[in-house]
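Encoded as structure tokens, the structure appears first; notes follow it.
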Amino acid sequence: MRMRLVAARSGTPRFYSGSATLPKGEGADVTGIEVVIPKRKTWDKVAVLQALASTVNRDTTAAPYAFQDDPYLIPTSSVESRSFLLAKKSGENAAKFIINLHPKYFQKDIAEPHIPCLMPECFEPQIEDISEAALQERIKLKKVKASVDMFDQLLQAGTTVSLETTNSLLDLLCYYGDQEPPADYHFQQSEKSEELEEASEENTEKPKKKAGQQLGATWRAKNNAERIFALMPEKNAHSYYTMIRGMVKHRAPVQALNLYTELLNNRLHADVYTFNSLIEATAMMNEKYEEKWNNMLELLKQMAMQKVKPNLQTFNTILKCLRRFYAFGKLPALQTLREMKALGIEPSLATYHYIIQLFYQHESPSKGSSLVIYDIMNELMGKKFSPQDPDDDMFFQSAMRVCSSLKDLELAYQVHGLLNTGDNWKFIGPSHRRNFYYSKFFSLLCLMEQIDITLKWYKDLIPSVFFPHSQALIDLLRALDVANRLEVIPQIWKDSKEYGHTFRSNLKEEILMLMARDQHPPELQVAFADCAADIKSTYESQDARQTAPDWPAGSLNCIAVLFLRAGRAQEAWKMLGLFKKHNKIPRNELLNEFMDNAKASNSPAQAIEIVRLASAFSLPVCEGLAQRVMTDFAISQEQKEALGHLTASASDSDSDSSSDSDGDINEGK
Amino acid sequence: MRGVRLRDLGEAEARQVGARAGTEQALEPQGACRPTAAASQPLPHQEQRLRFSVGKLCGSRVSEPVHWYFKKAPPWCSPGLGPWVLCWSHVLPCAWRALHISAMCAKNRVARVRVGKGDKPVIYEEAHVPHHIAHPKSWLSLHTGNLDGQDHAAERTVEDVLLRKFVLGTFPGCLADQLVLQRRASQVEVCALVLRQLPAHKLYFLVGYSEALLSHFHKCPVRVHLQTVPSKAVCKHI
């Protein structure tokens, strides 16, 4: 038995019985062999699923799984994808509304075990009499006004309300700032809070005064919370904590700090969460940066004196406040980081996000940008994070922004590698942040990376991860131009029609310009001409919808040139006719090309047509064209006279003496 | 043989029925009595008798004539029977075996679109009749309730009815075909073929609504999968 175990451990499977291999001196060997029976492994409930999932990579041709897999129902732009997901969510909210309106039809419970989230919820308080249980129920249902009324009724009736209940009432009031929770609270996703967060993010660069008006409720003086607080016969530390945190949340820092002194006067100690709020309060006061920083240091010293251990949130709050100090905050931020390391608290992604924001506040790197990002990325390589701070999902966006402004591709690859480590993909954030991250990443790739790898990334990311902006596609086109891979352009145009860029005129102009710039081998010209015809049809359908037709001059030129080069002469001539209609002037090179084409097809009528067109537009090149016609073509007398008239009319408007004499000579002939 | 009970008919009609069923035997005139080959002794009662050829008992096809007697039952025997009961042996006073011959039931109308003038378009599902299930057609509702040793098939059927009616009503005029319902490890997957009548975001709204409501009702995850088609896929015109 023991020998078999040893053989198994050494990795060579022997399937005969162990006794055959027992050596003679087994007694002597037994003492040498030590069998270690490993501890029983406990597996996660979904371990098998996780193992299976690790074998499958993302399908780059499929839409995200939240959408129905059907061509009609797959979104084609980021606007559509957002609207579809919101529509689905609002359908679920409508269903929940109906379910909670008629709960009696959904009470039958056939699920074993019981699934609480599939039962209807009750949002109205059931207990009607005036008692403490009724008050607790209303607090649990988050009915602010009802619970305050119940509390007042209880006091009037003379019953004393217990300390815990009063504390929980204070919690409710301080959390919502003495206002009702928003009406769609039960259906609310984190959308609203995110928007508020973004508002606060943008406001860090704006002056601080504006910041106050956009967030939620402000703390009114003498509101219900303060009144109840004053009415309480006995207050414990928890009451003070709630009040202080509520005041700070609703932007009343002065009262918060006053309450803190009162707390100290009552010989109570604050806890770590209260200290975090107080740090925020000191940052909210209207003082100079140095004073604020000194106040914060004071608070931290008191915290140490009261033997309260700081946690991750403490340092994150400090850094968040330091962010608003602009250049002053850099040194204290580094000190904070060192302190954090010394205490052994592991920084979260939000910490690094604040540091990046502090050091890379302006878009363009002026006089020596910091190298902090490289240190950060070196530190973070290969680490897996778990959510610890609400701001954790801002890290990747800011990191990619910095990479993009520094134009460093290696760093971007490092950031992307960190994103793909373990579960870190969860920190990419909501859709607009994801789009921003990938847009910046892709633009950097187009700028700095070789074209083959860029095209591979293009196939990988678009459209399964994000829908490209038209600017991203223009960057890609420029990259193709630099790498001389213009044959991919028709494919890019076909793709961009699918992403909703059919009517994006700057993109179309770029495409046409790149195609029409140089001569290309014939097959490529044909492909380009087809692409140009397609773009022309989009312009025409756009015209049908608008009242005033408006084609850019460059597009008209390019389309005409492309038709001409591919041998589609008739369409090219139709394009010439369109110039007059849209009031645009053809370029000289275009007219010269038409002249070449006319010469190749040996038709003087066409040549004269060109000259007529040029004179109609009163172009100075009309002269040269007329000369060319006369030298290169064999034209009859009437045509010569007509030519003469044309040049004369052109030269009349020019009022050029030499052309006048030319015209005279022609007339004389 | 027709299926109408002769004892419910009047006398004259019964005779007519007998006459239609008869082949080579002539109709006995009223009042006469002719003994059968089996019975030689005189009959104990003098009721009217009609004799006509019918097929053998026990439900076999009409092959050779068997003599039947159609007469009034004696009152002392099986008093619960009506006046006219067809019996096949007048010998025994008891145990009158009575066969109710009544008109045949109508044709099977289950899940069949009746043939018209050739202008009615039908989809593949409607064009095939239920006895084609398991060869040109497959089941619309797939669950294990009907396998050997499994139970709750009836509950599944009732749930199916609710699911079909609910989705039919929720997607008004959009369904191009019957739903396909699949049950997979306590989940229900509703696969629907919809027309492109509604804009896509409205379809997503309805999908989210149906999924949430049906999940809460059945207390199990219900997923709705849509596939859109431009129009109903007409298989033939009947």
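Proteins come first, then strands; the chains are lettered A, B, ... in the order of their sequence lines, and each starts at number 1.
The environment of OH in A/Tyr105 is sparse: at most 12 heavy-atom neighbours from other residues, nucleotides or ligands sit within 6.0 Å. The number of heavy atoms from other shown groups lying within 6.0 Å of CG (A/Asn506) is above 12. Residue B/Arg196 qualifies as enclosed at atom CZ: its count of foreign heavy atoms under 6.0 Å is above 12. Around atom NE2 of B/His143, more than 12 heavy atoms belonging to other residues, nucleotides or ligands sit under 6.0 Å away. A/Tyr175 OH: 12 or fewer foreign heavy atoms inside a 6.0 Å radius.
Proximity to chain A (any heavy atom under 4.5 Å) is restricted, for B/Leu203, to the side chain, taken from C-beta onward. Heavy-atom distances place both the backbone and the side chain of A/Ile110 under 4.5 Å from chain B.
For residues 208-222 of chain B, a heavy-atom distance under 4.5 Å to chain A picks out B/Gly208, B/Tyr209, B/Glu211, B/Ala212, B/Leu213, B/Ser215, B/His216, B/Phe217, B/His218, B/Lys219, B/Cys220, given by residue number. Residues of residues 108-125 of chain B never come closer than 4.5 Å to chain A when only heavy atoms are counted.
Checked by atom type and distance alone, the side chain of A/Gln68 pairs as donor or acceptor with a backbone atom of B/Val224 at under 3.5 Å.
By the 30° and 60° cut-offs, the orientation of the rings of A/Phe67 relative to B/Tyr204 is perpendicular.
Note that the CG atom of A/Asn93 and the CZ atom of B/Phe205 stand 9.0 Å from one another [nearest 0.5 Å].
The nearest pair of heavy atoms linking A/Tyr72 to B/Leu198 is OH-O, 2.9 Å.
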Practice prompt. For side-chain contact (heavy atoms from CB on, under 4.5 Å), just list the numbers for A/Leu73 and B/Thr228, CA-CA rounded to whole Å, side-chain angles, deciding distance to a tenth of an Å, and then say yes or no.
Written response: CA-CA 8 Å; A/Leu73 295 173; B/Thr228 58; 4.1 Å; yes
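Ranked by non-hydrogen atom pairs under 4.5 Å with chain B, the options A/Asp109, A/Ile115, A/Ile99 are led by A/Ile99.
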